[in-house]
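Chain identifiers are assigned alphabetically (A, B, ...) following the order of the sequence lines, protein sequences preceding nucleic acid strands; residue numbering begins at 1 within each chain.
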Amino acid sequence: MGNERWSRREFVGRAGKTAGGVVLGLGMADLLAACGASNAPAAASGTGNLEIFSWWTAGGEADGLKEMFGIYSKKYPNVKIINAAVAGGAGTNAKAVLKTRMEGGKPPDSFQVHAGQELISTWVKAGKMEPLTSIWKSEGWDNTIPSDLKAIVSSSGDVWSVPVNVHRGNALWYNKKILDANNLTAPTTMDDFLSQLGKLKSKVQAPLALGSQGNWQVQMLLENNILAAGGPDFYKKVFSGQASFTDANVKQALSWIKSMLNYVNADHPTLGWDDADKRLIAGTSVYNIMGDWAKGYFTANNWVANTDFGAAPSPGTTGKYVIVCDTFGLPKGAPDRDNAIAWLKVCGSEEGQAAFNPKKGSIPARTDVPASIFDPIAQQFITEFKTDALVPSSAHGSATPDAFASAVNDEMGQFVINKDVDKTAGNLQKLSDEFLKA
Amino acid sequence: MATATAPPVMVERLPRSRSLRPLSWERVTPILMIAPSVVLIAIFVYGFIARTAFTSLTAWRGVVPDYTLVGLRNYIRLFQTEKFQADIVNTVHFTVFFLAGCLILGLGAAVLLDQKLRGTIFFQNVFMFPLAISFIVTGTVWRWIFNPSYGLNVLFHNLHLDFLQSGWLTKPSSALNSLTIAAVWQMSGFCMAMFLAGLRGIPEELREAAHVDGATEFQTFRYVVFPLLRPITLSAVIILGHISLKIFDLVFVMTFGGPGYSTDMPGLNMFITTFRQDLFARGAAIATVLLLMVALLIVPYLVWNLRGETER
């Protein structure tokens with residue numbers, strides 16, 4: 001996946017390299033869906049087709065999707081499931097295909113989308129989605145899915161998509177053996193963290209590993225640090241355009257990044273996030289701040305949780321949880337609407353989430369799925385998820401529209417070079433004026 | 001100017017022949033033969049250019065098209081962004097060094113290969129080979145070569161040439177030049193082939209005459225060979241120039257525009273703006289600026305070409 005390194009959302013990019021083949025497959029799926037629609041325009045639940053659109057084409061996420069298909073097929077054996085997954089580009093290819101289908105008036109029955117603005121600022125705003133408020137109510141999800149998360153997938157009083165999983169954006173990963181050897185424990189405050197980095201500087205090549213190729217990793221540092229400096233309320237305000245990026249909290253967040261940059265590996269602009277985690281395994285770095293998809297990388301390299309590596313909330317964000325969440329929605333004009341609604345119910349069910357998340361490496365959006373089926377770090381996060389303040393990630397499209405996230409991405413690339421806190425804060429505010437006040 | 005005067009000549013001739021023989025096959029056949037390509041080009045090239053230019057004047061952002069006309073606002077905003085300003089500087093810098101590198105190396109290699117020594121065919125192919133590779137492959141390979149911890153730097157260290165070590169793609173100051181090196185590596189073989197063809201096209205008599213007149217080898221080159229290579233050089237500049245202005249794939253895989261904006265190019269910016277940010281109108285504005293830049297390079301060439309033809 002070398003040439004996909006650049007992507008902001010590379011963590012879902014364990015995608016195959018056969019985009020061509022899949023697109024061809026999609027063409028067929030299109031044709032089938034069209035046939036299905038013309039033969040049985042009002043298919044009752046239980047017959048006909050169900051076309052599910054996603055970018056889960058490889059590895060654990062594809063396996064997880066298959067598990068959910070299995071549950072669906074058991075309930076509705078006569079429905080033919082069409083897996084319209086588009087590989088490559090960590091979802092960017094899929095989103096391009098989805099765009100042409102939605103514009104062309106041929107939506108799939110349901111499609112994968114990140115929770116929040118990625119859906120709300122695009123297809124909801126364009127009036128192409130059906131609200132799911134009544135399904136949410138009838139399934140009783142108010143009791144099982146945290147209200148903070150419901151707020152993220154809602155706008156103007158309606159719910160627009162069903163969360164399937166939750167990834168954590170604000171996680172600090174460490175090489176446990178090096179930490180133990182230096183009699184250190186994972187820091188909880190930023191001051192603590194920075195002083196530890198200072199101590200470790202003489203012992204390892206670069207105590208904090210960073211892979212900043214594509215700059216979205218730096219954007220994650222920014223949002224984590226804003227959360228640490230300003231707390232959840234300020235975080236939500238600043239990312240919805242109600243507070244200024246020239247606020248002292250943002251400047252504090254930026255100067256923390258500036259301090260962190262004193263301890264990172266010099267080749268970070270050419271490294272992806274996984275290259276940074278490789279440094280932890282090699283012992284040339286001790287810490288890395290990255291989403292919990294890093295766990296999958298460690299375990300794939302035979303590292304054992306809580307023996308070789310450990311995780312904690314990123315410095316200063318204890319009790320706060322940055323959410324990166326995949327959801328499914330219901331487009332208007334879905335050819336098999338009843339089947340799609342049945343699918344959404346599986347997505348939101350305890351059974352569906354228990355089957356999907358262990359494979360995907362995320363935690364369930366529902367709080368009643370037994371934690372015992374998960375690995376120790378997922379268990380630790382599940383416990384925290386239940387009580388923490390939840391905020392949506394901006395870097396991964398939930399808190400803000402893509403146009404803003406992408407522009408901030410560029411700005412953070414500049415910041416890494418010029419390290420000018422005031423100028424960057426001013427530029428971020430300009431972007432906020434342009435993209436968050438529409 | 002020549003382009004403007006050419007069509008009326010055709011228009012004048014056609015009505016005259018029509019009045020003579022209204023439905024002659026001899027007259028209809030060529031029109032029918034050309035018609036499909038004219039129609040296709042009219043729609044898919046000029047039609048789309050017009051459409052892009054129109055889009056660049058609208059307020060379209062987001063997934064729903066919005067055709068409210070806003071005049072030149074997108075262009076003004078675009079030129080105000082730090083990123084696009086950097087793009088322009090980078091493109092000029094890259095184009096100048098890329099052209100100079102390709103022309104000098106290409107000419108040098110061509111002159112050497114023209115010496116009719118043993119093994120020229122072999123080296124000719126060696127130099128040409130990078131041209132057969134796509135920029136994506138070149139970019140990936142050179143990204144590895146430039147990796148500070150296991151690429152060229154290790155080689156220099158082992159050769160005790162540590163002073164040659166550099167941050168390559170990781171430093172804003174050296175990233176653009178590193179990119180240029182990879183591009184020159186790929187395209188100088190093409191220049192060599194063109195110059196070689198040019199050199200071989202120069203009649204032996206001219207050189208002999210120069211020698212008879214007492215010119216030294218260098219003088220022969222300077223006053224006989226070089227002037228005769230001028231048309232080839234111009235063609236090479238045009239072809240490489242438009243590749244360089246529109247460069248996308250190489251940047252995409254090597255640096256994705258980073259660090260910061262240090263290697264960002266208009267083509268990459270256009271892609272991100274349009275397909276990542278959904279700012280369709282602004283993306284179209286970048287496309288239009290890019291088209292104008294390429295036109296600035298190519299139109300004088302076309303004019304010069306047409307003039308040459310009419311003189312002949």
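Taking CG of A/D410 as the start and CG of B/N269 as the end, the distance is 7.5 Å to the nearest 0.5 Å. Here the CG-CG distance, from B/N153 to A/D267, works out to 10.5 Å after rounding to the nearest 0.5 Å. The CD atom of A/Q213 sits 5.5 Å away from the CZ atom of B/R143 when rounded to the nearest 0.5 Å. To the nearest 0.5 angstrom, B/E82 atom CD is 8.0 Å from A/K430 atom NZ. Atoms CZ and OG1, on B/F146 and A/T270 in that order, are 12.0 Å from each other to the nearest 0.5 Å.
For chain A, the nearby part of B/F275 is the backbone; its heavy atoms alone come within less than 4.5 Å. Heavy atoms closer than 4.5 Å to chain B are found in the side chain of A/N427, but not in its backbone. Contacts between B/P172 and chain A at a heavy-atom distance below 4.5 Å involve the side chain alone, from C-beta outward. For A/E103, the part sitting under 4.5 Å from any heavy atom of chain B is the side chain, from C-beta outward, and nothing else.
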After noting the C-alpha distance and the side-chain angles of B/R282 and A/E434, does the key distance pass the salt bridge (Lys or Arg N to Asp or Glu O under 4.0 Å) rule? CA-CA 13 Å; B/R282 191 185 287 179; A/E434 187 174 0; 2.6 Å; yes

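For A/A403 against B/L279, the heavy-atom pair with the smallest separation is CB-CD2, 4.4 Å. Heavy atoms only, all atoms of each residue included: B/V63 and A/A126 are closest at CG2-CB, 4.3 Å. Of all the heavy atoms in A/Q414 and B/Y261, the pair that sits closest is OE1-N, 2.9 Å.
Put simply, of B/K83, B/M254, B/R77, the one with the most heavy-atom pairs under 4.5 Å next to chain A is B/K83.
Around NE2 of B/H157, the count of heavy atoms belonging to other residues, nucleotides or ligands within 6.0 Å does not exceed 12.
In this structure, the side chains of A/P269 and B/L169 stay at 4.5 Å or more apart for every pair of heavy atoms. Looking at heavy atoms from C-beta onward, B/V64 lies out of side-chain contact with A/W123 at the 4.5 angstrom threshold. The side-chain heavy atoms of B/R276 and A/N409, taken from C-beta on, include no pair separated by under 4.5 Å.
Listed for the B/Q277 side chain is no donor-acceptor partner under 3.5 Å among the backbone atoms of A/F404.
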